[in-house]
Amino acid sequence: MSPALRRQDIRNIAIIAHVDHGKTTLVDRLLQQTGTFRSNERVLERVMDSNDLERERGITILAKNTSVHYDGVKINIVDTPGHADFGGEVERVLGMVDGALLLVDAAEGPLPQTRFVLKKSLEFGHHPIVVINKVDRPDARPHQVLDEVFQLMLNLGATDEQLDFPHLYASAKLGWAVREMEETPGDIMPLLRMILERVPGPPGDMDGPLQLQIANLDYNDYVGRMAIGRVMRGRLARGMEIALLKLDGRIEPHKVTKVEVFEALRRVEVDEALAGEIVALAGLPDIQIGETLADPRHPEALTPIRIEEPTLSMDFMVNDSPFAGREGRFVTSRHLRERLTKEALANVALRVEETDSTDTLRVSGRGELHLAIVAETMRREGYEFQLSRPRVIMRRGPAGQPLEPIEYLVLDLEEAYMGRVMEILGVRRAELANMGGAGTGRVRLEFTVPARGLLGFRREFLTETRGTGIMSHVFHEYGPYRGEVPDRHRGALVVKEPGVTVTFALFNLEDRGTLFHGPGVDVYEGMIVGEHVRDNDLVVNPCKRKHLTNMRASTSDDTLRLKPPRLMSLEDCIEFLADDELVEVAPRTVRLRKRQRNASDRKRTDKAAAEATVP
Ligand SMILES: Nc1nc2c(ncn2[C@@H]2O[C@H](COP(=O)(O)OP(=O)(O)OP(=O)(O)O)[C@@H](O)[C@H]2O)c(=O)[nH]1
Ligand SMILES: [Mg+2]
């Protein structure tokens, strides 16, 4: 495109990186040092991580827009999540920007998600600016990490121009960036200057017919659904009649009722936005990501952004446990269906499908966390439902052979634990792909491993490494099925009959396994209250009181000291699940249960299954 058609008063960039490499912290500094906040204004750390789950977990889940002004130029910034499960968020916003800041932790170096987001950005033709961040870390190795990024670009097939990338060294935390390590740190301005120099302005044909693709959605209580995208061509004004080009080819006439632009942490209503600007607009209630807004006389659709397919699915079903409806406000299959369908509109990497049962919906996503966050969000809104064990989504190869999702797994752990971890991964069908750092006390191990093999691995890995191991993984490819992966190796402690748990009974169960609940908890037949030490399930009665006749002073409930129960978060429960189990998710409680609540029914089903598999 001729430079004349690019706007010079705007830059649109995304900040991309592996999880925790400092994206949101960098946005804080950009906002602070460009005078967005008054000097006496107390601002939250990581201000862009604005939703509850993001703040609780300290991670970004949704991509979000903001902007700063520097040297007469407006820089629209999209902060993106780094966790691999939210890769769909990154994919969908990259088309709205003309460049990216690739942050890489100066100690950790490129990790799986660095590769994924960089690959996507290169595919969009960006020339990313590499920011080696956290150079203040005592274990920082900035020059080496820069070399590793270069290697990575080379491996990803970057063009010569892309390989000639500009770079900076930064400490987002301390608020500075420098071009060379020898320079004395000052402020973050060198980064802003580099953005103006190296990121091209957006295409700015303001007189052509309107064209705008929706990259993101948001809700506003007053005006309903807001759609976010960049004006690719022409101008978008309030009150304008437009053609909405749906993904299925239909064209709908609509009127834009509101146009807003991003100014720091606020959105400001404007009469009109010109080509190049990123806007949020209202007036199109059923709009979806990927659809194009166009001039009715020139209805030309932009190619929808292709998002990677989901690899994991879980059933969301109506809660049919004896405690159903105790806490939830939204409990019917209609509630679930409506909420999940709405979620899938904005959560582009999510798929929601019907199943044989009207009470069950199959929800597919990019990983356990992706699905768990959906469930957690719904739970907080007052929904109540049950979840099945996650299953990987298989495919067929050209010759009909089964293919399964393979993940790329990177582990960083103390050398002493290496043998045991390799053993566990061997059973889970992992293959070692790379190994480094030997002799330094810590090793970095890289594997390809079936996604099936990673279900429930995190807990085991953390236990084996006494909590010191670091792991991350990202979807790698669909590859040949690698054979059986054994199930969870411990059984469950399953409640025999309904009641309220008591200390005496729990105390006597402690030898049998790890308990998930303390005393005074309502339980029902078939509910799971702990993990058995052995590999089979054990039916137990945690509500059994001692016989008063053989009471001895030493076993009075008051003197019994219970070990603290293992409190199971929603994700812990999902990790724990076997095929014949469910998680019951309600606004205040999560519980584990057997699908078949009655022990003899379970035996009968097991027997039938065993007979069915006898040749
Ligand atoms: N030492 C050091 N720590 C940093 C720096 N930048 C960020 N951190 C810390 O790294 C952690 C993660 O920072 P975030 O800004 O949330 O990282 P992120 O890349 O936005 O993480 P996700 O959005 O979840 O992918 C926080 O504890 C920050 O304080 C830095 O320059 N130096
Ligand atoms: Mg973040």
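Predicted model only: the values in this text are computed from it and were never measured. Residue numbers start at 1 and run along the sequence shown. Both ligands and their constituent atoms are indexed starting at 1 by order of listing.
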Asks: What protein heavy atom sits nearest atom 32 (N) of ligand 1, and how far away is it?
Replies: D136 OD1, 2.6 Å
Asks: Would you kindly specify which portion of N133 sits under 4.0 Å from ligand 1, judged on non-hydrogen atoms: side chain, backbone, both or neither?
Replies: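 N133 to ligand 1: side-chain contact only, backbone stays beyond 4.0 Å.
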Asks: Please tell me if the side chains of L191 and L26 come closer than 4.5 Å, counting only heavy atoms from C-beta onward.
Replies: yes
Asks: Salt bridge check, R391 against D315: does any charged N sit closer than 4.0 Å to a carboxylate O?
Replies: yes
Asks: Are H143 and Y169 close enough that their ring centres sit under 6.0 Å apart?
Replies: yes
Asks: Assess whether a salt bridge exists between R458 and E571, defined as any Lys/Arg side-chain N lying under 4.0 Å from an Asp/Glu carboxylate O.
Replies: no
Asks: Please work out, at 4.0 Å between heavy atoms, whether the side chain, the backbone, both, or neither of E45 comes within that distance of ligand 1.
Replies: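 It is neither; nothing of E45 touches ligand 1.
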Asks: Regarding D139 and R442, does a basic nitrogen lie under 4.0 Å from an acidic carboxylate oxygen?
Replies: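 No, D139 and R442 are not salt-bridged.
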Asks: Going by distance alone, is a donor N or O of one side chain under 3.5 Å from an acceptor N or O of the other, for D572 and S569?
Replies: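 There is such a pair (donor and acceptor under 3.5 Å, judged by atom type) between the side chains of D572 and S569.
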Asks: Using a strict threshold of under 4.0 Å (side-chain N to carboxylate O), is an ion pair present between D218 and K64?
Replies: no
Asks: Counting only heavy atoms closer than 4.0 Å, does ligand 1 sit against the backbone of K173, its side chain, both, or neither?
Replies: both
Asks: Considering the heavy atoms of I59, write down every atom of ligand 1 situated less than 4.0 Å from one of them.
Replies: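 Close to I59: 24 (O).
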Asks: Indicate yes or no: does R7 engage E277 in a salt bridge with an N to O separation below 4.0 Å.
Replies: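 Answer for the salt bridge query: no.
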Asks: Using a 4.0 Å cutoff against the non-hydrogen atoms of V19, which atoms of ligand 1 qualify?
Replies: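 Listed by number with element: 24 (O), 25 (O).
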Asks: Protein N, O or S atoms less than 2.8 Å from the Mg ion (ligand 2), ignoring waters?
Replies: T24 OG1, T60 OG1
